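Okay, structure first, notes after.
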Amino acid sequence: MLYEISVDGKNYRVEIAREKEGRWLCKLDGKEIPLDAVLANSHALSLIIGTNSYEILREPTGTEARLWIQNTPYTVELRDPRSFRGRNRAAKDHDGPKKLTALMPGKVVRLLLSPGDEVEAGEGVLVLEAMKMQNEIKSPKKGSVQKILVAEGEAVKAGDVLAIVE
Amino acid sequence: MLYEISVDGKNYRVEIAREKEGRWLCKLDGKEIPLDAVLANSHALSLIIGTNSYEILREPTGTEARLWIQNTPYTVELRDPRSFRGRNRAAKDHDGPKKLTALMPGKVVRLLLSPGDEVEAGEGVLVLEAMKMQNEIKSPKKGSVQKILVAEGEAVKAGDVLAIVE
Amino acid sequence: MFKKILIANRGEIAVRVIRACREMGIAPVAVYSEADRAALHIRKADEAYAIGPASAAESYLNIGKIIDAARRSGAEAIHPGYGFLSENPAFSAACTEAGIKFIGPSPASMRMMGSKTSARQHMERAGVPFVPGTSRGVASLREAEEVAAGIGYPVMLKAAAGGGGKGMRLVDASTELKGALDAARSEALRAFGDDEVYIEKAIANPRHIEMQILADEYGNTLYLGERECSIQRRHQKVVEECPSPIVDADMRRRMGEVAVRAAQAAAYANAGTIEFLVDAHKNFYFLEMNTRLQVEHPVTELVTGLDLVHWQIRIAAGEKLAIRQDELRLRGHAIECRVYAEDPENNYFPSPGTIASLIEPSGPGIRLDSGIYEGWTVPMEYDPLLAKLVGYGAHREEATARLFRALEEYFVGGIKTNLGLFRRILSDPDFIAAKVDTAFLDRLLKSPAPQKPGHAEIAAVAAGLFAVLNPDSSMNGTNGTRQDADGGRSAQNKGAAAWKRAARLDALQ
Amino acid sequence: MFKKILIANRGEIAVRVIRACREMGIAPVAVYSEADRAALHIRKADEAYAIGPASAAESYLNIGKIIDAARRSGAEAIHPGYGFLSENPAFSAACTEAGIKFIGPSPASMRMMGSKTSARQHMERAGVPFVPGTSRGVASLREAEEVAAGIGYPVMLKAAAGGGGKGMRLVDASTELKGALDAARSEALRAFGDDEVYIEKAIANPRHIEMQILADEYGNTLYLGERECSIQRRHQKVVEECPSPIVDADMRRRMGEVAVRAAQAAAYANAGTIEFLVDAHKNFYFLEMNTRLQVEHPVTELVTGLDLVHWQIRIAAGEKLAIRQDELRLRGHAIECRVYAEDPENNYFPSPGTIASLIEPSGPGIRLDSGIYEGWTVPMEYDPLLAKLVGYGAHREEATARLFRALEEYFVGGIKTNLGLFRRILSDPDFIAAKVDTAFLDRLLKSPAPQKPGHAEIAAVAAGLFAVLNPDSSMNGTNGTRQDADGGRSAQNKGAAAWKRAARLDALQ
């Protein structure tokens with residue numbers, strides 16, 4: 001079986017074939033990796049590469065999975081290698097307008113920027129109150145504020161688009 | 001929905017209908033039980049009957065399930081109420097010959113009874129060694145030993161029939 | 001002893017108190033809001049009473065509903081936990097009126113300690129040290145100049161009616177005093193309708209150290225040692241330890257005796273905590289008294305060997321303290337991490353949602369007080385505290401090592417938590433050297449943990465293996481969840497479907 | 001200090017030692033047989049070496065393979081755990097020869113304590129008390145009569161070459177002596193080719209109490225308090241506690257000093273345990289020395305506040321004991337339950353299989369040392385110990401209450417365990433009154449726990465609700481399991497299918 005897998009945005013080709021009972025032949029970008037893999041349960045994979053032991057924990061998150069190795073997360077996406085749609089979409093993600101959405105229901109308490117303002121990556125665009133805490137909603141990229149779709153004092157639902165940065 | 005459910009061999013008719021969001025109307029042998037049920041996860045049910053709170057844990061075991069309430073197990077079987085096969089089979093189980101099977105691989109170290117011997121319920125028929133421990137395989141019923149299918153010193157696999165008591 | 005106790009709380013503290021009840025042979029009664037029907041504390045209780053909608057004001061903060069549930073259940077006493085109604089004298093009084101024992105201090109003690117000025121007056125009379133300054137407003141700039149010169153710069157101006165940082169100004173030198181005083185006064189007037197401003201010595205990067213006390217209803221009061229609570233985010237404690245690395249036996253005795261005097265001046269009964277600010281010269285100043293069980297009580301329990309919740313219940317049932325101050329021995333060191341559903345890399349943004357997978361640590365020297373389970377959806381309506389993980393050891397180094405080891409074992413999948421932040425804190429040289437103050441966390445770098453070379457490649461291979469070995473499993477680790485739909489679920493299922501589809505397509509090759 | 005340690009063991013003790021390594025900044029190396037590929041200790045280790053087939057003789061007991069793995073990994077030391085090679089002097093010697101430090105005593109100490117007669121000779125010289133009697137065979141009936149009269153009836157006849165109960169006879173009165181002596185001799189001759197029989201005082205329902213010692217490699221030896229291990233099944237301990245309810249400070253000092261003398265007579269280094277038999281008058285007699293870490297070491301750790309595995313490693317690395325005997329303080333009480341995959345109602349028949357669901361207890365005063373996880377298949381090849389659950393409290397009553405509470409929370413689904421037996425033991429009046437001896441468990445009634453009225457009806461309703469709320473979930477709680485088929489799995493799936501079919505048919509109505 002052949003997979004195209006992106007890890008934190010970097011693409012790998014992974015080929016996996018059953019060798020013999022419990023053993024797998026695995027190639028990463030064409031290079032063979034000597035490993036012994038056992039699925040402990042649906043969340044945990046025990047991997048022995050050479051004689052190094054790794055516990056890999058899987059966490060579902062949206063359309064990808066996060067895999068944890070030694071307490072460090074890796075965002076992993078599995079793609080159909082016969083289509084380049086996925087890859088193109090991923091590449092596009094870094095350009096173009098970005099939507100700022102509400103991760104949970106809350107109330108807009110303050111707008112920090114106005115449409116047309118320049119914005120740095122990580123700079124706050126507006127302040128949302130949820131779970132009794134005020135939280136700055138930050139721009140994921142450098143650019144300018146294209147639209148603000150909410151007003152101060154407005155209640156928002158999870159998933160609502162709050163602003164667009166381009 | 002209507003179920004015929006046996007608990008430790010005793011039969012109940014359970015009717016369950018959705019009342020409103022998260023609420024269920026439940027009848028046991030025609031009598032309404034006021035309850036509030038939430039499935040916590042696939043193993044655990046939180047049940048509030050009146051104001052009493054119960055945590056019910058489910059354990060799969062063979063063709064039945066064991067449900068645990070306050071650390072006490074109840075063996076539960078769900079049957080299709082339009083067929084009486086299940087019930088008849090269950091009733092038959094108490095009569096007729098009973099097979100004594102090996103629960104795990106091991107070695108027969110001693111035969112305690114011979115074919116034709118009378119046997120009490122709970123009396124040992126033979127001794128099996130497994131996991132470095134010797135274990136008496138006991139008769140589930142009073143009767144007589146019909147057959148012994150293994151010899152002293154013989155290795156057996158899990159599931160092998162060792163003897164038949166009738 | 002009581003036969004039945006109602007716990008007027010939720011989350012890990014409700015589970016903690018239910019456990020104490022079970023250990024004492026007392027039937028625990030839970031209450032729950034609509035958002036908490038699937039919560040762990042209900043599963044663990046003998047009885048459970050619905051007390052209204054998700055909003056705390058209509059449920060956990062509703063005195064009438066809680067008293068009503070207690071009456072219906074026949075509970076003889078109510079444990080308030082922390083937060084919610086635990087420091088509300090009206091609730092304590094309502095319990096008494098309903099003939100139900102409130103497990104905590106009297107309404108009078110609570111009221112005395114609840115008001116800043118009343119507490120300060122009583123505490124000053126009892127000889128409790130305060131931050132040097134005026135206890136009421138300065139009348140003029142000249143008076144302010146004299147006071148500030150007397151206590152020495154830097155000083156802090158504070159609104160008498162104040163709170164929440166409004167009407168506060170830090171003044172580094174006399175030249176800045178006039179402007180700051182004018183600004184503080186006008187801000188105080190606008191915020192509170194009262195321009196009274198007083199002056200206190202400013203303490204730079206203070207430590208926050210608190211003393212646990214335990215008092216029975218016959219006037220016997222013990223101090224149970226201090227807790228170091230200097231590691232805070234947004235003025236909320238996240239790491240606490242016992243003992244404090246800077247407190248020696250003499251300082252502990254002095255702080256403890258002050259705490260006992262303060263409690264006795266308030267005729268205090270049951271468990272309570274005196275909070276102190278400590279400056280760089282180890283001078284300590286009364287900050288406030290918390291008239292309830294603290295979140296961080298486990299570190300004191302581990303080091304003293306006493307169960308504070310058992311003792312709260314015993315004291316409320318009329319028992320006398322069975323130990324004397326000189327019999328009490330502190331042994332070892334304990335450190336607690338407050339595990340929150342939040343994203344430390346995104347300004348501690350709360351992260352409610354479904355806990356898709358959960359691996360909890362255990363083993364030597366580890367105590368976990370948790371209120372969660374795999375498959376549970378953390379509601380968005382309440383404080384996002386999930387659990388408290390505590391490491392205990394013969395000394396601070398061993399406690400830290402065990403706690404760090406447990407943090408490496410701990411895994412909460414599906415929502416963000418601050419577990420990674422704790423791993424960073426515990427491996428920080430300043431923490432290891434016990435150089436912590438209330439600004440520690442802000443100093444700690446916010447950069448993500450460095451990824452190890454080669455591990456991205458392992459992640460790629462592992463992703464392929466998950467797809468091959470387990471193609472039909474849902475991405476969501478639990479089969480069952482609550483009936484009500486939650487935001488993240490459909491997205492998760494879409495993700496799972498995509499993985500399955502890709503895996504199946506490949507299997508056809 | 002070592003940088004890397006190989007753990008020559010499996011199960012909970014391998015996990016326990018790996019945790020200690022992590023806490024000390026040492027890289028842990030695991031070994032595993034084919035049956036243990038999915039075991040927890042591999043997931044927790046940095047490196048893992050396959051050492052052969054499931055049979056212990058070809059893997060965990062194979063000295064050559066383990067030394068080879070240690071060499072390949074570059075481990076500087078080996079921790080043997082308990083069982084397997086831990087008391088094998090040849091293994092200890094092989095480690096030394098390979099330039100690898102064995103974490104335990106020298107082969108010479110091990111050999112001295114491994115042989116009954118050699119141990120008795122050395123121990124008698126060191127003034128260690130033995131059960132009164134002859135240390136070699138009696139020559140004639142007349143000598144036997146004199147000896148028996150001297151020590152008083154009842155007496156026990158034992159074959160000098162004996163073991164396993166063969167050639168043993170209990171004699172209640174002098175009239176029975178001749179017949180018993182003849183019978184014992186002929187049985188000993190048949191069994192061992194040697195008819196030498198000696199006489200010891202018979203101790204009725206003795207208590208089994210042991211003393212933990214810790215010795216560094218410079219002759220410093222400490223005793224760390226006793227453990228009461230009288231609750232046994234088939235001569236295997238199942239419940240242990242520290243301290244013993246019958247040992248006071250004076251008896252502890254006397255037993256401790258004897259234990260230290262015994263260890264020093266054997267030039268003993270590292271952790272070890274002296275086992276004693278104690279009669280109804282609190283006389284104690286040397287039974288044997290275990291030259292390794294005990295399964296039940298956690299109760300001593302909780303009460304002394306010391307980490308024995310850390311100290312084992314430190315001692316092996318050449319460190320001196322940092323504490324003196326008079327600095328050591330016992331505080332509180334700890335009780336351990338050994339959780340086995342077995343069926344106590346069916347003569348403790350082992351119950352390997354897949355752990356379909358798992359709820360582990362935690363909270364105040366609870367320590368869990370576990371080697372299992374949800375979804376894991378307990379192999380049938382090894383000792384069925386799953387985990388050790390320990391309750392700690394300020395006193396025995398509190399420790400018992402906390403442990404019982406934790407036992408109520410603990411749930412292992414899919415296999416049989418002895419958790420229910422522990423709940424019965426801890427609520428038994430004799431246990432609560434600390435009236436335990438080695439016959440306690442046999443006296444405890446074997447009847448199943450009584451079911452509560454009305455609960456069968458609740459089970460029926462709950463079964464219907466499970467079917468309605470979760471019709472598509474597999475009966476097996478985990479989605480993923482190991483690749484290799486196991487016996488119980490297909491049966492489980494059949495069961496799940498039956499439930500699903502019934503639920504779906506009904507949905508069509």
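What you see below is based on every heavy atom in this structure, not just the backbone, and it leaves out hydrogens, waters and symmetry mates. What you are looking at is a predicted structure, and each value in this text was computed from that prediction instead of being measured. Reminder, nothing fancy here: chain letters follow the sequence lines and each chain counts from 1.
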- [ ] Kindly compute the distance separating OH (Y74(B)) from NZ (K452(D)), expressed to the nearest 0.5 Å.
- [x] 7.0 Å

- [ ] Please round to the nearest 0.5 Å and tell me the distance separating atom CZ of R423(D) and atom CG of N71(B).
- [x] 3.5 Å

- [ ] Compare all side-chain heavy atoms of I137(B) with those of F349(D) and state whether any distance is below 4.5 angstrom.
- [x] yes

TODO: Against chain D, work out which of D29(B), I33(B), V7(B) has the most heavy-atom pairs shorter than 4.5 Å and name it.
DONE: V7(B)

Task: Partners passing side-chain contact (heavy atoms from CB on, under 4.5 Å) against S370(D) (at least two apart in sequence or in another chain) - done: E360(D), L368(D), I372(D), A387(D)

- [ ] Find the distance between CD1 (I458(D)) and CG (L35(B)) and round it off to the nearest 0.5 Å.
- [x] 10.0 Å

Task: Step-by-step side chain to side chain contact (heavy atoms under 4.5 Å, CB included) determination, V468(D) to M1(B) - done: CA-CA 8 Å; V468(D) 168; M1(B) 283 164 259; 4.0 Å; yes

Open item on the list: Less than 4.5 Å to any heavy atom of chain D: does that hold for the side chain of K27(B), its backbone, both, or neither?
Closed with: neither

Task: Max heavy-atom pair count under 4.5 Å with chain D, selected residue of D8(B), L57(B), I49(B) - done: L57(B)

- [ ] Find out whether F466(D) and L78(B) are in side-chain contact, i.e. whether some heavy atom of one side chain is under 4.5 Å from a heavy atom of the other.
- [x] no

TODO: First locate atom CD1 of I56(B), then atom CG of L465(D), and finally report the distance between them rounded to the nearest 0.5 Å.
DONE: 8.5 Å

TODO: Flag the pair E374(D) / H43(B) as yes when at least one side-chain heavy-atom distance between them is below 4.5 Å, and no otherwise.
DONE: yes

Open item on the list: Using every non-hydrogen atom in the two residues, find where A460(D) and I5(B) come nearest and quote the distance to one decimal.
Closed with: O-CD1, 3.3 Å

- [ ] Quick one: closest heavy-atom pair of A456(D) and Y12(B), and the distance?
- [x] CB-OH, 3.7 Å

Task: Qualifying residue for side chain to side chain contact (heavy atoms under 4.5 Å, CB included) with L469(D), from V38(B), L45(B), I16(B) - done: L45(B)

Open item on the list: Applying side-chain contact (heavy atoms from CB on, under 4.5 Å), can you list everything that pairs with A401(D), at least two apart in sequence or on another chain?
Closed with: E23(C)

- [ ] Identify the heavy atoms of F411(D) and E59(B) that sit nearest to each other, and give their distance.
- [x] CZ-CB, 4.1 Å

Task: Over 12 non-hydrogen atoms of neighbours within 6.0 angstrom of NZ in K388(D) - done: yes

Task: Heavy-atom pair of closest approach, residues L67(B) and A463(D) - done: CD1-N, 3.7 Å

